[in-house]
Amino acid sequence: ASFLASVRASEDVTFHSVEKSWEEARAACLAEGKELWAPESYAEKTAVIQQNPPDGNTYWIGWNDRDTEGAWVDESGNLLPNNQDSDLWGNGEPNNYGSG
């Protein structure tokens, strides 16, 4: 999957159309001084995607449940607000494809 990088303070989201695993995408973001984008609501996700329409690729985002299956956290360890996960994923997501 490709990935989205952001600086949370400014919400300057960058779409990267480079195939990487989730870990590789995370490392690339950190090297840029950014992190994988972790949208906090369906409205936020929709607004960014409307401004930067994806090119048909799938994209990694910053929410992960690596420590506890089903407990979604961002890079800072913040829990996904209000169990909004069903609004943030595409059909058939999330899944563990590509070591994500």
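Reckoned from all heavy atoms, side chains included, excluding hydrogens, waters and symmetry mates. Everything quoted here is computed from the prediction, not taken from an experiment.
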Minimum heavy-atom distance D74-A38, with the two atoms named: CB-CB, 4.0 Å
Heavy-atom pair of closest approach, residues S21 and W60: C-NE1, 3.3 Å
Short side-chain to backbone donor-acceptor contact, W37 and T14, under 3.5 Å: no
Main-chain N/O of G62 paired with W22 side-chain donor or acceptor, under 3.5 Å: no
Pair V73-L79, side-chain contact (heavy atoms from CB on, under 4.5 Å): steps then yes or no: CA-CA 4 Å; V73 296; L79 285 170; 3.6 Å; yes
Charged N-O contact under 4.0 Å between E35 and R26: no
Lys/Arg N to Asp/Glu carboxylate O, E23 vs R66, below 4.0 Å: yes
Intermediate values then yes/no, side-chain contact (heavy atoms from CB on, under 4.5 Å), H16 and E32: CA-CA 12 Å; H16 290 272; E32 293 179 7; 3.1 Å; yes
Separation of E24 CD from C29 SG (nearest 0.5 Å): 12.0 Å
Value rounded to 0.5 Å, distance of CH2 in W72 from CG in D67: 12.0 Å
